[in-house]
Amino acid sequence: MARVRRLTRYFNPKEYEPKIIEFWDSHKIYEKLRMSRKGRKRFHFLDGPPYPSSDMPHPGTVWNKIIKDVIIRFKRGEGYDVLDKPGWDTHGLPIEVMTEKALGFSSKKEIEVFGIDKFVLKCKELATKNLRSMTRYFKEFAVSMDWENPYLTYENRYIESAWWGVKEIWKQGRLYEGERPVHWCPRCETVLSDYEVSENYKDMMDPSIFVKFKVLGSENEYLLIWTTTPWTLPANVAVMVHPDEDYVKVRLGDDILILAKKRLENVMNEASIEDYEVIEEFKGREIGGLRYEHPLEDIVRVQRELREVHRVVLSDKYVTMEEGSGCVHTAPGHGKEDFEIGELYNLPVISPVDERGRFTEEAGKYSGLQVREANSVIIEDLREKGALLYEGTIIHKYPVCWRCDTPLIIRTTNQWFVKLTDLREKMLEESGKVKWVPRWGGERRFRDWLLGLEDWIISRQRYWGIPLPVWKCEECGREEVIGSSKEIEEKSGVKLEDLHRPWVDEVTWKCEKCGGIMRRVPDIMDVWYDSGSSFFASLGYPHDNSDAFNELFPVNFITEGHDQVRGWFFSLLRMGTLLFRRAPYESVLMHGFMLDEKGKEMHKRLGNYVPPPEIVEKSGRDTYRVFVLTKVPWQDLRFSWRGLEETSRKLSVIWNVYVFATTYLRDREIGPLPPLEELDPVNKWILSRLNSMMRDVRAALNEYQLHTATTEVLKFFIEDLSHLYLRVARKKLRSRDSKVSDQWSRVLYHVLREALPYLSIFAPLMSEKIYLDSFKQEDDPESVNFLLLGQVRQEYISSYLEEMMNIIREIVSASGFARSSVGMRKRQPLREILIVTQDEDVIKAVNTLTDVLLTEANVRCVRIGEEPIRGKWAEAEFSRGKLYLSLEMGDKELLGGMARELTRRIQQMRKELGLTIGVERINIYLQGDEFVRRAVEMFYDDIAWDSDADVIKFVVSEEEVPENSFGKEWKIDDRRVSIWIKKVV
RNA sequence: GGGCCCGUGGCUCAGACUGGUCAGAGCGCCCGGCUGAUAACCGGGAGGUCGGGGGUUCGAGUCCCCCCGGGCCCA
């Protein structure tokens with residue numbers, strides 16, 4: 001036997017939400033939950049680690065965590081032991097830059113003077129502070145993850161796992177050192193990955209110049225090249241032309257210029273030259289190998305050594321007819337395409353620029369100048385030498401550093417690479433095995449991305465990151481890669497407390513081969529290495545948790561925003577393929593971005609950012625959850641205060657469903673669900689709906705269709721329970737036949753109790769409040785979080801019955817239309833509804849669900865028959881027929897209407913006195929005219945029953961009414977009625 | 001320059017994978033109603049050439065192509 005307690009009437013999340021969170025905390029609900037699921041089947045979820053760059057998460061990050069929480073709660077409800085360890089991506093440049101700013105630094109030198117050790121500790125402190133603070137907000141939104149045991153990429157155990165991976169990669173022969181042109185930030189003095197570069201392009205004004213390179217041995221013939229980066233001219237080694245395009249020789253004064261035919265007009269227009277003459281035309285390939293003199297060779301030292309090199313090379317890939325002159329200045333030290341062509345033609349790589357973006361001595365006269373500042377000097381020199389045809393300016397998108405906005409340069413440096421290109425096919429194959437939601441998220445976006453796969457630069461020239469575990473012998477250059485701190489200890493005898501720089505830098509040992517000193521290369525690793533390793537490093541694999549990993553790999557589910565297709569989804573796949581020859585995850589949900597109310601990206605610096613505490617304060621936690629969950633997850637989501645307001649109202653309806661039900665159910669002994677065949681059709685119907693809702697929610701969540709699942713639950717509560725079932729149940733629960741009221745209370749209790757764990761996936765705080773205050777039985781678990789999702793009972797589901805109810809809904813709605821068309825109010829009971837139809841289903845529906853139709857249409861009987869010939873009727877059509885409402889009214893209808901009016905007013909008075917339904921009884925005293933008197937006479941029993949009255953008595957004067965009665969004057973239509981009620985003691 | 005997504009009544013969005021009761025919901029608006037859920041609730045109505053144009057088809061928000069607008073990713 002179950003009992004429910006009355007739920008407080010007002011939906012007041014502001015009041016109870018913090019208390020529920022406090023309750024979960026103080027009662028260690030999460031910890032107990034973990035324990036309770038021990039030994040069950042595992043579900044492996046992996047948290048994409050957010051970057052703790054602020055003390056407060058972006059509302060979009062909260063959305064991200066809510067999505068994760070829904071899947072976690074769902075799987076837990078299905079009975080799984082869910083791995084729900086949150087992660088934090090703690091290393092990297094943003095934290096370094098913030099720390100630098102806090103310390104007032106602007107260069108690496110200042111950091112080294114300050115002390116790398118102190119600097120790194122500051123970075124760690126900042127990351128730790130931020131992640132702790134952000135955790136608070138995630139908990140606020142009821143995200144139930146293992147907050148006490150997160151994985152942190154800066155922890156030694158994590159770093160060791162990452163090192164193990166590097167060593168494996170090295171053993172495969174994939175780790176190599178090489179010189180490459182890379183994007184470089186001259187302020188941060190480090191390489192940036194392509195991914196980091198793509199973060200930020202800015203419009204920038206640069207010179208746009210056409211330069212003449214004199215053809216060797218000729219008197220006056222020149223190759224005309226175009227560039228927007230004059231500072232790369234000192235590193236020029238060749239000129240590219242397109243083999244299949246037409247080129248021309250043009251006479252221009254005393255000079256003859258060589259350029260592409262298709263570009264001729266544009267170039268001459270831009271340089272405002274009108275007087276020129278085409279004297280020869282040929283294919284680009286014909287000038288392949290043509291040698292030229294560099295105009296700056298007497299100024300730039302290194303150019304003098306290149307006299308034998310300068311020549312025309314061919315490329316159909318990188319020469320465009322869209323811009324420039326068709327003769328492309330090629331500097332393999334300062335461009336990726338240039339480098340590729342350089343390799344093809346075996347050209348030298350020149351890069352006379354240092355890490356701070358200044359020319360080196362190789363650049364002769366320009367030595368010491370910042371490259372961008374050198375532009376104007378170089379242009380002047382070209383002009384002086386007569387090598388400048390034209391100088392203009394151009395505004396174009398130019399990459400800047402994503403952290404400090406400094407324009408990037410491309411320079412050739414020594415970096416560490418992981419060979420990947422031979423894995424492209426395998427990665428494509430593996431990504432094809434992944435279940436992507438939505439499908440286009442992976443199938444198209446990801447494939448395109450993988451097709452452009454290149455080797456991976458994993459080294460960074462910074463401080464706060466996982467040190468690259470490569471030691472090199474100073475004497476013989478032999479390399480060793482270290483896979484754990486134990487190995488370091490074995491080799492050097494040093495036991496490191498902290499594996500970061502600078503402590504790890506100090507560890508050296510003797511080279512086994514030559515006895516030289518083995519010293520670590522000073523680089524740290526790309527942060528994408530960190531987060532890409534999370535699928536094994538978060539479990540401490542292989543050092544302290546091989547079993548867990550072996551049991552859990554691969555990850556069942558991950559979800560992040562669409563920016564992570566090329567970010568984390570990719571880096572996980574890369575690490576998985578490198579180390580385990582497979583995708584490390586099975587299914588991926590790609591979600592959208594949180595935009596502001598106008599559809600623009602939401603950013604702190606744009607001032608359109610909504611802080612999560614404001615959402616908590618103004619709308620509530622469950623409200624925000626349900627708001628974001630009803631939206632299609634993979635689309636960008638517009639934040640909307642109004643949307644939150646609407647959501648809140650929906651939740652209050654659900655709350656009211658429970659309030660209403662508990663009003664009737666409280667203090668009643670409620671037995672188990674009666675057998676199906678004994679049930680009223682309406683009860684059969686609601687049980688069918690309950691089970692089909694459960695079935696649909698489970699199916700939707702298993703497909704990661706969160707919005708469908710959320711909508712199903714809302715629909716069930718609002719449309720089925722609130723709008724329909726409860727309206728019928730209200731009368732049945734107060735039935736004089738205790739068998740009836742007993743059946744309905746059992747069904748109602750069962751339905752609400754079964755629905756609660758489903759509701760709790762989406763609105764856990766509200767569900768907990770309802771559970772604790774009202775539904776929890778003595779031997780029930782102490783929190784709603786422990787409840788398993790009830791099994792779907794197929795035998796309860798009748799799509800036929802559900803279809804029947806839909807027909808009834810349509811008829812009721814049409815009868816409302818019929819009434820309103822003749823101005824008949826719904827409160828007035830009518831004699832009969834006549835339904836004219838040929839449809840068998842309509843007839844069955846009407847016969848099966850008669851009660852609903854009678855109650856909802858407020859008629860005394862229903863008849864199926866022919867169109868009426870005589871009498872007064874209101875009519876309306878519905879999709880499968882026509883209906884007529886009888887407008888003929890006798891005493892029974894008229895007096896019945898009055899009885900209802902009286903009852904309603906008496907009820908309201910009872911409520912004002914705070915009397916309890918079905919418990920506290922009253923006596924009623926009335927004054928009114930003959931019509932009122934007759935209504936009471938005819939419906940005496942109904943009024944008395946409905947209002948829990950012992951006596952209803954007409955009085956002539958107020959003196960007959962007992963003392964201390966509660967009295968009120970009413971006007972019903974045009975009649976005056978006085979009502980007094982007095983509680984029976 | 002390339003790729004992907006989005007563009008549905010005043011607002012916010014479902015529906016598109018699998019063409020044919022798919023032209024829907026909520027809010028807002030207008031009208032009416034209910035009443036022991038009440039700073040709620042219910043019903044009805046008005047309102048959309050489903051961004052524009054072309055194509056495939058007996059039939060297209062739904063598939064294809066082009067264009068316009070917005071967003072994201074990559075160059």
Side-chain angles (χ1 to χ4, degrees), chain A residues 7 9-11 194-195 197-199 201 320 322-323 336-337 397 399 437-449 451-452 561-567 590 592-593 595 597-601 627 630-632 634-647 649-650 652-664 707-708 711 714-715 718-719 721-724 726-727 730 734 809 812-821 823-828 856-858 876 879-880 900-901 903-918 946-948:
Chain A
L7 199 55
R9 187 178 295 156
Y10 296 102
F11 176 55
D194 288 345
Y195 182 81
V197 172
S198 71
E199 293 280 296
Y201 278 76
T320 168
E322 306 292 319
E323 58 182 10
K336 299 199 172 175
E337 295 86 359
K397 296 241 182 269
V437 181
R439 272 227 297 265
W440 47 261
E443 284 185 358
R444 274 170 251 167
R445 286 194 182 208
F446 215 59
R447 291 193 85 79
D448 294 344
W449 172 243
L451 288 171
H562 48 55
D563 55 330
Q564 297 302 329
V565 170
R566 287 156 171 83
M590 185 189 88
F593 270 25
L595 308 177
E597 297 200 83
K598 292 178 187 124
K600 296 263 175 257
E601 220 181 322
F627 169 71
T630 46
K631 312 288 177 178
V632 181
W634 46 85
Q635 279 178 25
D636 291 348
L637 190 160
R638 246 187 225 211
F639 184 86
S640 161
W641 286 114
R642 225 172 106 187
L644 283 165
E645 181 53 38
E646 285 171 22
T647 307
R649 230 170 281 165
K650 283 177 193 160
S652 93
V653 173
I654 297 177
W655 177 264
N656 281 333
V657 164
Y658 278 97
V659 171
F660 171 85
T662 58
T663 307
Y664 285 94
H707 61 306
T708 311
T711 311
L714 292 180
K715 244 170 61 186
I718 296 171
E719 285 172 31
L721 278 172
S722 176
H723 292 182
L724 193 59
L726 289 186
R727 295 165 68 89
R730 172 184 287 164
R734 282 186 56 74
R809 281 200 239 238
V812 168
S813 160
S815 84
F817 176 72
R819 275 178 185 265
S820 65
S821 68
M824 175 62 69
R825 59 187 170 196
K826 198 174 164 192
R827 205 185 318 155
Q828 176 62 55
E856 291 303 294
N858 196 16
S879 67
R880 309 193 201 200
R900 267 181 88 162
E901 296 280 3
T903 307
R904 188 189 122 210
R905 285 169 173 82
I906 294 162
Q907 297 289 54
Q908 187 165 339
M909 291 171 72
R910 279 187 58 108
K911 196 177 163 192
E912 281 172 39
L913 290 185
L915 302 177
T916 308
I917 303 177
D946 284 342
S947 54
D948 293 313

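Order of the sequence lines fixes the chain letters, A, B, ..., with proteins taken first and strands second; residue numbering starts at 1 for each chain.
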message: I need the minimum non-hydrogen distance between P438(A) and M590(A), along with the two atoms involved.
response: CD-O, 3.9 Å
query: If every non-hydrogen atom of S722(A) is compared with every non-hydrogen atom of V653(A), which pair is closest and at what distance?
result: OG-CG1, 3.6 Å
[N] versus [M] - spacing of their [atom1] atoms, nearest Å:
N: C6(B); M: G61(B); atom1: C1'; result: 13 Å
N: C34(B); M: G15(B); atom1: P; result: 38 Å
N: C63(B); M: G20(B); atom1: C1'; result: 14 Å
N: C58(B); M: C73(B); atom1: C1'; result: 42 Å
N: G32(B); M: G71(B); atom1: P; result: 45 Å
N: G55(B); M: U62(B); atom1: C1'; result: 15 Å
N: A40(B); M: G51(B); atom1: C1'; result: 40 Å
N: C11(B); M: C67(B); atom1: P; result: 28 Å

Once you round it to whole Å, what is the distance between [atom2] of [N] and [atom1] of [X]?
X: R649(A); N: U38(B); atom1: CZ; atom2: P; answer: 16 Å
X: F627(A); N: A14(B); atom1: CZ; atom2: P; answer: 11 Å
X: K631(A); N: C5(B); atom1: NZ; atom2: C1'; answer: 17 Å
X: Q564(A); N: C74(B); atom1: CD; atom2: P; answer: 11 Å
X: L724(A); N: A37(B); atom1: CG; atom2: P; answer: 16 Å
X: D563(A); N: G71(B); atom1: CG; atom2: P; answer: 17 Å
X: D636(A); N: C73(B); atom1: CG; atom2: C1'; answer: 12 Å
X: L714(A); N: C27(B); atom1: CG; atom2: P; answer: 13 Å

task: Run the numbers on R642(A) and E645(A) for salt bridge (Lys or Arg N to Asp or Glu O under 4.0 Å), then give the verdict.
output: CA-CA 5 Å; R642(A) 225 172 106 187; E645(A) 181 53 38; over 6 Å; no
field: Of the listed nucleotides A37(B), A14(B), C27(B), the one nearest the side chain of V632(A)
entry: A14(B)
Proximity to the side chain of R566(A) - top-ranked nucleotide from A75(B), C73(B), G15(B):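 For R566(A), the side-chain atoms sit closest to C73(B).
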Check every strand shown and say whether [X] touches a base, only sugar-phosphate, or nothing at a heavy-atom separation below 4.0 Å.
X: S722(A); result: base
X: V812(A); result: nothing
X: R730(A); result: base
X: R905(A); result: nothing
X: Q635(A); result: sugar-phosphate

- prompt: Starting at the 5' end of RNA chain B, what dot-bracket string do you get if Watson-Crick and G-U pairs under 3.5 Å are bracketed, crossing pairs use [ ], other-strand pairs use | and unpaired bases use dots?
  reply: ((((((((.[[[[.)....(...]]]].(((((.......))))).....[[[[[..)....]]]]]))))))).
task: Could you pick out which residue, L721(A) or L595(A), lies toward the 5' side of RNA chain B when each is mapped onto its nearest nucleotide?
output: L721(A)
field: L637(A) vs I718(A), nearer the 5' end of RNA chain B by closest nucleotide
entry: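 Taking each residue's closest nucleotide, the earlier one in sequence belongs to L637(A).
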With the criterion being N/O to N/O and under 3.5 Å, what pairs connect the protein with nucleotides 24-26 of chain B, and how long is each?
none

message: Angle between ring planes, Y664(A) versus F660(A), binned at 30° and 60°: parallel, tilted or perpendicular?
response: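 Correct class here is tilted.
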- request: Quick one: sort the W655(A) and F11(A) rings into parallel, tilted or perpendicular, breaks at 30° and 60°.
  value: tilted
- prompt: Between R900(A) and U35(B), does any side-chain N or O lie under 4.0 Å from OP1 or OP2?
  reply: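 Answer is yes, contact under 4.0 Å.
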task: Examine C13(B): is either OP1 or OP2 under 4.0 Å from a nitrogen or oxygen in the side chain of R638(A)? Give yes or no.
output: yes
- prompt: Charged N to carboxylate O below 4.0 Å: is that the case for R734(A) and D948(A)?
  reply: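 Answer for the salt bridge query: yes.
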field: Pairing of E646(A) and K650(A) as salt bridge, 4.0 angstrom limit
entry: no
task: Could you classify G69(B) for me, syn or anti, using a glycosidic angle within 90° of 0 as syn?
output: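 Glycosidic conformation of G69(B): anti.
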